[in-house]
*Asks:* 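Encoded as structure tokens, here's the structure I'll be asking about.
Treat the numbers as computed from the prediction; the structure is a model and nothing was measured. Per chain, numbering begins at 1; letters A, B, ... match sequence-line order.
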Amino acid sequence: MVSPFGEFKSQVEKYLSEIGLGDQVERLEVPSDLRLGHLALPLFHLHGKPINLVEPSGLIASVNVNNNYLNFKCNIKKLSEATFNQIKEMGENYCNNRVQGMQVIIEHTSANPLHPMHIGHARNAFLGDSLARLMKARGHFVKTHFYVDDMGLQVMIATIGFKNSPKKPEGVKPDHWIGFVYAVANIMYEIAGINSKLNENGSDYSSLVKKRDELIGYAASLREKFPKEFDELSSSLSKMSLNEWERAISTMIRGMEVKDQSTLKLVRDLVNTALLGFKETLDRVNVNFDEWDWESQQATEEDIRGLVESVQDSPFKMLYKGVLAVDCNAVAKLPEASKDLTLIEKAGKEIPPMLLLRSDNTTLYQTRDVIYSIKKLASADEVYNVVGAEQSLAQLQVKLALYAINHPKASRLHHVPYEMVRLPGRKMAGRYGSYVTLDEVIDLAVLMASNEIRRRNPQMDEQALIKSSEAIGIGAIKYALLSVSAQKVVEFQVERALNFEENSAPFIQYAAVRANNILSTASKRGIMIPEEPDFSNLTDEAEQEIILLCSRLPDTVAYAADTLHVEALASNVMEIADKFNSYYARVPVLTADNYSVIGARLALSKIVYMSLRSALSLLGIAIPEKMRTYLQPRIKLACCSAKAIQTTIAG
RNA sequence: GGGCCCGUGGCCCAUUAUGGAUCAGGGCGCAGGUCUUCGAAGCCUGUAUUAGUGGGUUCAAAUCCCACCGGGCCCGCCA
């Protein structure tokens, strides 16, 4: 399937080869001003080589040379027809742009089940989810995977806490509870470490005490949350010496690797509790997973032995501080690996070795990740890992390890990096229980949305209010995170994301709701969209621009999916909403002069609505049914200010 | 010390993949206008930029190359 605009482009390409410029098609571009044309070929490098134009046909309305450009104008009437027909045929799948499908695995979010998800996980989840939707629209067979980390050191600390912890109080979200238990346990563990160091000679007494005071500070704020539970938990954990902690932890790590049933059960209980909370949140934001891959189930002893042997047998084994490692530098010089150009260029010259085993022969996270990658590659043509940019080196090492053992699909493993999200004025420390949870941010967004709706539409019934608030509040967060290129650090300012004005999801949703409203008003008045609207009525510049934008949408989807640039789709959608908003404010649809014009404009509204709906669905953003506004002066209510609400929640 | 990423009006973002048309687009903010007519989360008018700095390649650079400056991140027998 090719986009309507893509059809125009291929006709232009055909035309170019007819006049002997077939080798120039790569230079075709969209002109800066559509009055100049709709596709243009710069002629500078041809230096006056004569061009013999022939009569255009099909979607090409005219061809002319102007200012050293060969300009092609599209027959907007025919382009509108093509777009309209494609939308009639494909409905909300209009944006789909299928190519030969591949088996694709996208691993994303994979938040540690030790604390609730925060806004950074949201960026990961929304990016991964949107990429999955985009690739499906591209015709790929996509499976989304969540990698559940149930094996790390930190998990064991949490589990020890969990074993000693009182019951979760009624009404507390399970992952929030685990976050509390983990933070208390970790603080107690760290304090035990400090206490033991304080008994040694020659330790830096004052800095240790300072660190311990800091930990006690964190503990104090944790105690405020659940005083009774805190006291119970901390008093049983405080009996443990550092030695006891370390023995318990390493016994458990060992237990996990040999699949000791009682250890597995303990850890599984903890992790399942956290996942219950994750699923609730992910469900609310409509992010779904096909598979939940538990780390402990991925790397069997056999897998580990196999990997170790492969490395041993490879020319890239090395000993680093006495333990087995992969010589990443040497691997990077492999022809196959260096063909993976971007990879090597981005890596720089000195790549530290990747350690495979601890000196007690237990595995490290990366070792398990190599095994997990092999498993993913076994069932997919391409594997994408949406993982924070701070792990670029680690991700690179995993890939190089695959090259080291000569894995045939090493080049098919891709790291999709994204930069961190900051919250102004807040330092997050998951290990100490200091964070703003994603749940809080969502609650705030939805609350603000519902305040807005209530202000603008006091009569909306409760059911509709809740549904619309969710669509608007969550849409706003998603758009704020997806519209910015993933490689930029973003500062997430709630009041900015929820501004609800231009450049936001609500703005786009508003345009869609309005377009849809025009359609439903028409149908209420018995006005039907003609089977074959006369698009020659669309003579307004804005109308033509809207058609062009919508007709290109499937191309943007292809670009976004193939190059992993979700933000390209986000800004294309914004352009459509922007143009349509200013268009309908100026040009009447239902009260136009005659039925022929009404029909064409109605069809245009349909094109806009379906385009937005289709594109927004690929971003995972819902369209609310109603955003009605009553005719009343705009009053800025104090209680609606984000700051006030944020303060309330923070307090 | 080494590496990766980012740097666009007072603030935020797009454009950077494939360099192109003497107006670099939006938004926020600020100043003003606009609801009896398809819903004002809208629309219209005004306001502001040496595209970090300097050099190079080119007929043409925000875009490619080099250097420098500023910010973020990474370099752990943590994950």
Side-chain angles (χ1 to χ4, degrees), chain A residues 26-29 31-33 36 40 42 44-45 47 66-69 71 112 114 149 151-155 295 320-323 325 345-352 355-360 362 364-366 368-369 388-394 396 417 419-420 422 431 449 452-453 455-457 472 480 483-485 487-491 493 496 499-504 506-507 509-511 513-515 517-522 525 559 562-563 565 567-568 570-572 574-575 578 581-592 601-602 605 626-634:
Chain A
E26 288 302 311
R27 292 179 191 268
L28 274 174
E29 61 187 50
S32 51
D33 185 336
L36 297 163
F44 299 93
H45 50 283
H47 292 301
N66 175 17
N67 202 12
N68 234 344
Y69 281 88
N71 288 318
N112 275 352
L114 298 174
D149 174 13
M151 287 201 72
L153 204 67
Q154 303 298 321
V155 180
E295 197 173 343
Y320 183 81
K321 292 184 186 170
V323 297
E345 271 175 9
K346 280 180 183 166
K349 284 137 214 123
E350 284 302 316
I351 309 165
L355 276 54
L356 274 183
L357 297 171
R358 294 192 182 97
S359 37
D360 65 356
T362 55
L364 287 146
Y365 176 82
Q366 272 180 296
R368 286 170 252 137
D369 205 8
E390 71 274 13
Q391 292 196 51
S392 293
L393 177 59
L396 173 70
E419 277 293 350
M420 58 198 330
R422 291 175 204 288
R431 293 183 180 189
E452 282 296 311
I453 296 171
R455 198 185 93 205
R456 294 163 200 267
N457 182 1
I472 293 168
S483 62
V484 178
S485 147
Q487 56 199 345
K488 287 195 185 181
V489 176
V490 300
E491 179 153 320
Q493 291 171 300
R496 197 174 275 248
N499 188 303
F500 296 154
E501 286 168 25
E502 285 194 48
N503 270 0
S504 71
F507 176 84
Q509 291 167 323
Y510 185 75
V513 170
R514 289 292 304 269
N517 191 247
I518 292 172
L519 298 173
S520 60
T521 305
R525 294 184 190 173
Y559 169 74
D562 296 351
T563 66
H565 282 293
E567 75 279 8
S571 67
N572 205 325
M574 177 60 63
E575 278 181 296
D578 187 25
N581 269 339
S582 77
Y583 167 72
Y584 73 62
R586 182 168 54 81
V587 181
V589 175
L590 299 176
T591 53
R601 290 182 184 166
L602 263 182
S605 305
K626 295 187 171 187
M627 296 175 83
R628 178 183 278 264
T629 296
Y630 270 74
L631 309 179
Q632 59 178 228
R634 302 185 60 185

*Asks:* Which one, B:rC38, B:rA40, B:rC59, comes nearest to the side chain of A:I518?
*Replies:* B:rC38
*Asks:* Within the pair A:R358 and B:rA79, is there a side-chain N or O less than 4.0 Å away from OP1 or OP2?
*Replies:* yes
*Asks:* Given B:rA79, is OP1 or OP2 found less than 4.0 Å from the side-chain N or O atoms of A:R431?
*Replies:* no
*Asks:* Ignoring the backbone of A:Y510, work out which of B:rA79, B:rG42, B:rC38 is nearest its side chain.
*Replies:* B:rG42
*Asks:* Would you say a side-chain N or O of A:R456 is under 4.0 Å from OP1 or OP2 of B:rA41?
*Replies:* yes
*Asks:* So which nucleotide from B:rC38, B:rC23, B:rG72 ends up closest to the side chain of A:E419?
*Replies:* B:rG72
*Asks:* Mind telling me if B:rC35 is syn or anti? Syn here is a glycosidic angle within 90° of 0.
*Replies:* syn
*Asks:* State whether the distance check finds a donor on one side and an acceptor on the other, under 3.5 Å, for side chain A:R601 versus base B:rC38.
*Replies:* no
*Asks:* Determine: side-chain N/O of A:R514 to OP1/OP2 of B:rA41, distance under 4.0 Å, yes or no.
*Replies:* no
*Asks:* So, OP1 or OP2 of B:rC6: does either fall under 4.0 Å of a side-chain N or O from A:Q487?
*Replies:* yes
*Asks:* For the atom pair CD (A:Q366) and CG (A:D369), what is the distance rounded to the nearest 0.5 Å?
*Replies:* 7.5 Å
*Asks:* Looking only at the side chain of A:P31 (C-beta and beyond, no hydrogens), which of the listed nucleotides B:rA21, B:rA40, B:rC38 gets closest?
*Replies:* B:rA21
*Asks:* Side chain of A:L393: nearest nucleotide among B:rC43, B:rG42, B:rC74?
*Replies:* B:rC74
*Asks:* Write down the atom of A:R368, the atom of A:M151, and the distance for their closest heavy-atom approach.
*Replies:* NH1-CB, 3.5 Å
*Asks:* Considering only B:rC77, B:rA40, B:rA79, which nucleotide approaches the side chain of A:S359 most closely?
*Replies:* B:rC77
*Asks:* Heavy atoms from C-beta onward define the side chain here; which of B:rC75, B:rA21, B:rA40 lies closest to that of A:N71?
*Replies:* B:rA21
*Asks:* Pull out every protein N or O sitting under 3.5 Å from an N or O of nucleotides 13-18 of chain B, one pair per line with the distance.
*Replies:*
| residue | atom | partner | partner atom | Å |
| --- | --- | --- | --- | --- |
| B:rA14 | OP1 | A:S485 | N | 3.1 |
| B:rA14 | OP2 | A:K488 | NZ | 2.5 |

*Asks:* Of the candidate nucleotides B:rA41, B:rC23, B:rC43, which contains the atom at the shortest distance from the side chain of A:D33?
*Replies:* B:rC23
*Asks:* Roughly how far apart, to the nearest Å, are B:rC30 and B:rA48 at atom C1'?
*Replies:* 11 Å
*Asks:* For A:Y583, enumerate each residue passing the side chain to side chain donor-acceptor pair (under 3.5 Å) test, keeping only those at least two apart in sequence or located in another chain.
*Replies:* A:E543
*Asks:* Do A:D562 and A:Y559 pair up side chain to side chain, a donor and an acceptor below 3.5 Å, judged on atom types alone?
*Replies:* no
*Asks:* Measure from the side-chain heavy atoms of A:I472 and tell me the nearest of B:rC77, B:rA41, B:rC43.
*Replies:* B:rA41
*Asks:* Counting side-chain heavy atoms from CB outward, which of B:rA79, B:rG42, B:rC38 is closest to A:V589?
*Replies:* B:rC38
